Enquirer: 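One structure is given below, represented as structure tokens, and several questions about it will come after.
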Amino acid sequence: MTVQDKESVREAIADIRISISLGDIARRYFGKSAAWFYQRLNGTTVNGKPAEFKEEERQMLKGALLDLADRIRNVAENL
């Protein structure tokens with residue numbers, strides 16, 4: 001994944017970033033820590049190279065956000 005791809009993940013979630021718990025998404029959908037998620041989101045150097053989301057992880061994040069959207073819609077419809 002290129003630096004531009006990495007930035008696109010950050011940019012893509014910028015609008016919702018403060019409204020959702022990225023740490024919860026990391027634990028619930030990836031089985032990883034919040035630190036793991038933020039390292040990839042921010043391109044933090046880990047073991048001498050920038051951490052990044054693999055394509056499979058990007059697809060998992062997409063699925064996680066779609067699932068979260070469905071869960072929010074269901075709650076709203078049941079109010």
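Remember, predicted model here, so these are calculated numbers, not experimental data.
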Enquirer: Counting only heavy atoms not in I18 (residues, nucleotides, ligands), do more than 12 fall under 6.0 Å from its CD1?
Expert: no
Enquirer: Would you name the heavy atoms of Y29 and L68 that are closest together and state the gap between them?
Expert: OH-N, 4.0 Å
Enquirer: Here's a test for you: under side chain to side chain donor-acceptor pair (under 3.5 Å), which of K62, E55, E56 qualifies with Q59?
Expert: E55
Enquirer: Within a reach of under 6.0 Å around CZ of R73, are more than 12 heavy atoms found that belong to other residues, nucleotides or ligands?
Expert: no
Enquirer: Holding to side chain to side chain contact (heavy atoms under 4.5 Å, CB included), I want the full list of residues that pass it with A69, two or more places apart in sequence or in another chain.
Expert: none
Enquirer: Starting at CG of L79, measure out to CG of N74 and round the result to the nearest 0.5 Å.
Expert: 11.0 Å
Enquirer: Report the C-alpha distance between Y38 and L22 in whole Å, list the side-chain angles of each, state the deciding distance to 0.1 Å, and finish with yes or no for side chain to side chain contact (heavy atoms under 4.5 Å, CB included).
Expert: CA-CA 8 Å; Y38 280 104; L22 297 177; 3.6 Å; yes
Enquirer: Closest approach of E52 and E57, non-hydrogen atoms and distance?
Expert: O-OE1, 3.8 Å
Enquirer: Could you state the interatomic distance from OG (S21) to CZ (R28), rounded to the nearest 0.5 Å?
Expert: 9.0 Å
Enquirer: When rounded to the nearest 0.5 angstrom, what distance separates NZ in K32 from CZ in R40?
Expert: 7.5 Å
Enquirer: Is it true that atom CG of D15 has more than 12 heavy atoms of other residues, nucleotides or ligands lying nearer than 6.0 Å?
Expert: no
Enquirer: As an exercise, state the distance from CZ of F30 to CH2 of W36, rounded to the nearest 0.5 Å.
Expert: 5.0 Å
Enquirer: Any chance you could measure I25, atom CD1, to M60, atom CE, to the nearest 0.5 Å?
Expert: 11.5 Å
Enquirer: Start with the C-alpha distance between L41 and I13, add both sets of side-chain angles, then the distance that settles side chain to side chain contact (heavy atoms under 4.5 Å, CB included), and finish with yes or no.
Expert: CA-CA 10 Å; L41 185 65; I13 67 168; 3.7 Å; yes
Enquirer: Kindly give the heavy-atom pair with the smallest separation between G23 and A34, and that separation in Å.
Expert: CA-CB, 3.6 Å
Enquirer: State plainly whether one hydrophobic cluster holds both F53 and V46, where clusters connect Ile, Leu, Val, Met, Phe, Trp and Tyr through side-chain heavy atoms under 4.5 angstrom apart.
Expert: no
